[in-house]
Participant: 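There's a structure below that I have some questions on.
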Amino acid sequence: MGRIACAYIPRFERDEAARLAEEEVLRRLSRLSPLLDCDGHGAFFLGLEGLSRLVRNERRFAEQVKAALGELGFQAGVAIADGPFTAWVVARRTESVERVPPGKDRAAIFELPLTALGLSDEALRLLELLGVRTAGALLALPPGALVRRLGAEGSRIERLCRGQLLTAWPSQARVPVSVEEVSLELEQPTEELEALLFLFKSLLDRLLLALAHSRSALVELSAVVRLDDRTSVRRQLTPAEPTLDARVLLDLVRLWLGARPFAAPVAALGLVASRTGVAGARQLQLFAQREEEEARALERATERLAAAFGIDAVVRPTLVDTHRPEARLSWVPFSKPREGAAPPPSSFGGAMPLALKLFSPPEPVVWSGGTLLRPGQARAPVISVEGPHRLSGEWWEAPFDRSYYWLSVAAGDVFWVFRDEASGRAYLQALVD
Amino acid sequence: MRYAELHVKSYFSFLRGASSPEELIGRARELGHVAMALTDLNGLYGIVAAREALAEASGLGRREVEARSDLKLLYGAELEFDDDRGVALVRDREGYGQLCSAISTGRRAAQKGEFRLTSGELFERTRGLFLLAGGPQSAVMRLLREGDLAHARRRLEALREAFGERLFVELVRHQVPGDLERSKAMADLARSLGLPVLATNDVTLHARKRKPLADVLACAREGIPLTRAGRRLAPNAEAHLKSAKDMAKLFEDLPEAIERTVALADALRFRLTDVTYSYPAPDLALGENADEVLARLCRKGLSVRLGELAPRYGAALERELGLITELRYAGYFLTMWEVVQLCHRLNILCQGRGSAANSLVCFSLGITSVRPDVIDMLFERFISKERNEPPDIDLDIEHERREEVLQYVYAKYGRRHAGMVAETIRYRRRSAVRDVGKALGFSEEELGRMSDAGLDRDDPKVRQLFTLAHELEGFPRHLSIHVGGFILSGEPLDEIAPIENGRMADRTVIQWNKDDVDAMSMFKLDLLGLGMLTVLAKAFALVREHRQVELTLQTTPPDDPETYAMLQRADTVGVFQVESRAQMNMLPRLQPKEFYDLVIEVALVRPGPIQGQMVHPYLRRRRGQEKVEYPHPKLETILRKTRGVPLFQEQVMRLAEAVGGYTAGEADQLRRDMASWRSDGRMERHRDRLISGMRRSGLTLEFAERVFQQIRGFGAYGFPESHAAAFAHLAYVSAYLKAHFPAEFACALINSQPMGFYSPAVIVNDLKRHGVEVRPVDVQRSNWDCTLEEGALRLGLRLVRNLGEAQGRAIERTRPFASVEDLSKRTGLPAKAHVPLAAAGALRSLHRQRRQALWAAAATARSAGPLLVGAKWPEGEARLPPLAPIETLAMDIHYARTFPGRHPMELVRADLARQGILSAAELFAREADEQVTVAGLVITRQRPKAAGVVFVTLEDETGHADVSVSPGAFLRFQEVIRLSSALIVRGRLVADGRARNVSAAFVTPLEFTMPIRPRSHDFH
């Protein structure tokens, strides 16, 4: 395996925005190396294998990586080492660029303070109490001891320090998955039955969906787990009839897992459709999820529109909880999640008339001497006035204090007019049915 | 045009009303209203305060104000019942009792702060009550809004059946869209049923301008900012008190709705003075009389307690008994005697304090401890015929056992006759800024900075924040329970004031606070918890068990020279009242030699004397450095015991009378105003009067100013002589125990934590310096509590972090253990407790090396998951590095909260000595004004407001070093002082008698190779 560079962006959140940013970063880094991977937590790996003609100076290459990320607005530490783990830990500790000379990975890790590994507070506290402060000291502990004391995290720490994590290169997530074989490498080995069943369920769903697309059903399923001590356990599971029903198959997995204790926590698991047959209509119906797909298609379409024209280009109307009439309707981006609950009705329960047209902003009018004058229109004699009712508020930002009236004019129109108490001016709020 | 506003919610509707009773009453009087009814939501919290406000505003006494004021104050409550809401107005005494009962029923049926009353329960309590139905939040209005006329009608018919002719239909017009139509529809419905309509404005604001604060309160209630509050806020500011003319205009179509308000107000004749209160009759044998029983107990008690001195006080006792008989207070004293007897029976220590220590009756009954030959007993300070106020006895009880006494009182008198007094928790500046800030959308971080200087006051939003926060200050936020106030009543208490549930189980509380209870002349028993009494009780038991010496509060040998010598050395860690940094600094200067010196010591280091700059004159006169003079001949008798310097609260009161031109009643009002939460405004009113009075008596302006500053400083913190004497007694007893039984005293002190001034670490270090061996916590030997082993202190499991009492007791019960696994299995120790137990060194008997113990404990803590049950764990040997001494200490202080072995400063002593840095003990060999450097762990940081200086106490293996940091030096070194757990301080040595103090000029952190963080008693 050739040399590897790692760029580490601190505080890289695992949210939607980060996912988009991650793709942007990968796109940008692909100009520097075709061998790319990322861990979803802010670490980006670039393989230098086969690039010897292009990369004559590793430090300079690292600086290019850092500059590329800087152009995207990220401050990253960059390190180059023999293996991805060493590159990762060194990159986490630096804000600039560092190079571990070839063959010196182990020495670089040995003195590494455990605080550099991103451990939980609980793990750090215990290791500190035990006087274990470097990766080297940790490696001197008996194998398996940390698993017993810190559970899954202990296993991860041990494997991390032994360089057993981040060794798959590129990581499995980037390798296309066979439709007849699915597997999963666990980030942290587990011994919890429910957790394993949950993971097997997700594998089963993937496997069965792929089989359904090829109109096949499972005749025999092969389940396999690899334990943390690197031994494997395999089991053939045969349903009573060919099936695509995940519940039936999961029950078989549950029976298998529940029947025997393993000697160590489970580090990886996999499922293989070892025999398949033709699926019947009844089985295929399990996958009739057209409505859901249509909904997803709509979301995809709006996402594309938003991507093409900007996020503000796709909007939907929404009601706003406010006393100010012209502010009650608003447009929000389509992608914005809908509010959980509708605003509560006002405790004062104002019954609003049916407005034919609401003026936003309200239209200045002149109302005096028994007439109403709208801009550009003839003066209209007011034949009746009802009111006032008062609306006021938003004193903290844009205060308003208004007295509202219903004005009937000779032509038969009814206007909803308010007088602003601060200025004394009149405004037309709405034409009323 | 006449109008009575019959629906008004004040700020006692808790986050609903936005004006105080004072503001509402003031505005109603300005508007010329005939009457105003205070109708807070589901409560009568504000009615006494409203009556008092009206009395103050109209200049009438509380007994006459309801009859003679221009504004008739009416009483009622807005009640929620089922899904309905209406306003109940009190017509007469019976109606008042019915309303109290209804509110109590609703409150007792729900958790604290909530209310659940059914229509049926209300309908059983309608006598003497009027009901206004159909308001904006009523069921009838809701049904009308929904267009369900038939059910609206049926609901009104049901209410009419319950209230008969005392049912009115309320019409409210807040000028929101649609309410005119709804109001008219409601009036039509009422008319169709032959029910009278009546106008109110459903008031929540005294004036329109209060609307912003009302919005902020709505946000605080809902927990949302203003920008998200939307229509949860009122749509306008119309819910304010309006003039009769404005109301008439709003209801010009229904003039009878206005006129009827006045007619109804006339019909409501109840006054708060109709509520008569009587103390429960004592349990007496047939033919016995409470006065005679009391006299018999007192005469006997006086004789027993004073022996041959008793006859000297016989006449004074008879005078007290005579007044008690005349005022019919005997029952109250018998109750207190009974509580004290109960405490004796149950072996619970108790002692009266406060003004009760002025009473020979209290002394004779064993309620108080201070002897009449020690202080001047001013019985009038306790009971006065002129004041005609019930006596107020504060009884301190061991804090861990107070609940037993409280439950006894409940059980004896019953929940309908006994209840605790409420405490109104009000917005202070900090909480007001916080709630307003949250409403205005400030972040937590921004609000955290608000207290810092340098805030941009020109920012309009910040200005808005502070304006509103200022308005909000003093508003009630919620109701809590008074620290110990109990009300007992002969009549059912729930017909005098509503009763509700406290947050604590088995606690019931009346809706009135201490001021209300005082204003209603009700008898209050204060049963307070005091940690030091717990310490003393535990120490007495340990002394009895280990030294075979029987001690009690009364039999502790007085005038013990060793005890006073210890006090003079300020060797007072753990001693009641004189253990603070300031008290320790004063002791060597004051050099107490007898009990009264301790009384002065306790009262001297208080905000009053400090702010009044009375401390130094007193000390100079005591040392003979200044002549004892009296500023006025009249003051000689008042100030003789304190060498011409006023130190006690009652001296200041008497001074106000003697030379300030105050009457006794006015002086008493001055005392009350000092203690009031609104004291700032009220005290200013006394300022000119008092100072000019003293000037007229020939006193200097400077003296008069100092006296006034002292009065201000007293506030709620001033000590009367009697109170200081009661505390001084406990100070003496605790000092005696520390002087003669240091191990027992320290053991009791740690076992009573949390309490007091110092952490267990400081107490343990102090004990070690007194030559007592301290043995570390050990699961094979330690109990939950600390214990004594052959004169040594064995630390208890209670000191281990993350270990609960149940687990500690399980270890105590189940040991010995063969291994950590054995301990874990047999005690059911939770996972989180294993590692702390090992880190605290408590597994030393199972693993000699603490790291090996940690290794084993961490493995045992984690039980295997289901897939691994039965699987074997082969494991090689772990070679863990040995613990360095500093690591041991870091674990000790963090996980065992103490240093049972060496003090951390011992590890760096040689280095420090090489740098010329002194130990705390070495300071005493240095001369005043020398430049010195000292270092130690920070155990206190204090910044008393009166002094303006920051005081830091450093601890090392030899003792404590006091450091004072001037405001200027603090500004330069505040980060180091606030954040460092150990300091090196260079500065000038200030020596006053045996007191030593380093005036800091330069402060640097003292760094250990790893963090050592003892808990310190801090100002921040």
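Throughout, a chain's letter reflects where its sequence line sits, starting with A, and its residues are numbered from 1.
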Participant: A:Pro399 versus chain B, heavy atoms under 4.5 Å apart: side chain, backbone, both or neither?
Facilitator: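 Neither part; nothing is under 4.5 Å.
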
Participant: Using the ring pair (Phe, Tyr, Trp, His ring centres under 6.0 Å) criterion, which residues pair with A:Phe359? Sequence neighbours excluded.
Facilitator: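 Here no residue qualifies.
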
Participant: What part of B:Arg851 gets within 4.5 angstrom of chain A, counting heavy atoms only: side chain, backbone, both, or neither?
Facilitator: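 Both backbone and side chain of B:Arg851 come within 4.5 Å of chain A.
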
Participant: Rounded to the nearest 0.5 Å, how far apart are CG of A:Leu197 and CZ of A:Arg254?
Facilitator: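 It comes to 5.0 Å.
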
Participant: Which bit of B:Glu887 comes within less than 4.5 Å of chain A, counting heavy atoms only: side chain, backbone, both or neither?
Facilitator: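 Side chain only.
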
Participant: What do the steps show when you test B:Asn236 against A:Leu391 for side chain to side chain contact (heavy atoms under 4.5 Å, CB included), and what is the final call?
Facilitator: CA-CA 5 Å; B:Asn236 59 36; A:Leu391 288 177; 5.7 Å; no

Participant: Against chain B, label A:Arg402 side chain, backbone, both or neither, depending on which of its atoms sit under 4.5 Å from a heavy atom there.
Facilitator: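 For A:Arg402, there is no contact with chain B at all, as no heavy atom is under 4.5 Å.
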
Participant: Is the distance between the ring centroids of A:Trp367 and A:Tyr405 under 6.0 Å?
Facilitator: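 Here the rings of A:Trp367 and A:Tyr405 have centres that are less than 6.0 Å from each other.
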
Participant: Between A:Ser403 and A:Arg419, does any side-chain donor sit less than 3.5 Å from a side-chain acceptor?
Facilitator: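 Short answer, no.
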
Participant: Is the A:Trp416 to A:Tyr404 ring centre distance short of 6.0 Å?
Facilitator: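 Yes - the distance between ring centres of A:Trp416 and A:Tyr404 falls below the 6.0 Å cut-off.
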
Participant: Looking at B:Leu226, B:Leu854, B:Leu440, which one has more heavy-atom pairs under 4.5 Å with chain A than the rest?
Facilitator: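 Option with the top pair count is B:Leu226.
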
Participant: May I ask you to say whether B:Asp83 pairs ionically with B:Arg142, meaning some side-chain N is under 4.0 Å from a carboxylate O?
Facilitator: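 Answer for the salt bridge query: yes.
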
Participant: Listed by residue number, which members of residues 126-136 of chain A have a heavy atom under 4.5 Å from any heavy atom of chain B?
Facilitator: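 From residues 126-136 of chain A, the residues near chain B are A:Leu126, A:Glu128, A:Leu129, A:Leu130, A:Gly131, A:Val132, A:Arg133.
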
Participant: Would you compute the distance between atom CD of A:Glu191 and atom CG of A:Leu196 and round it to the nearest 0.5 angstrom?
Facilitator: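 A:Glu191 atom CD to A:Leu196 atom CG measures 9.5 Å (nearest 0.5 Å).
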
Participant: Under 4.5 Å from any heavy atom of chain A, what part of B:Met141 do you find: side chain, backbone, both or neither?
Facilitator: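 Interface part for B:Met141: neither.
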
Participant: I'd like to check B:Ile1012 versus B:Ile886 (side-chain heavy atoms, cut-off strictly below 4.5 Å). Are they in contact?
Facilitator: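 A side-chain contact exists here, since the closest heavy-atom pair is under 4.5 Å.
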
Participant: Is B:Leu180 in contact with chain A via its backbone, its side chain, both, or neither, using a 4.5 Å heavy-atom distance?
Facilitator: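 Neither part.
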
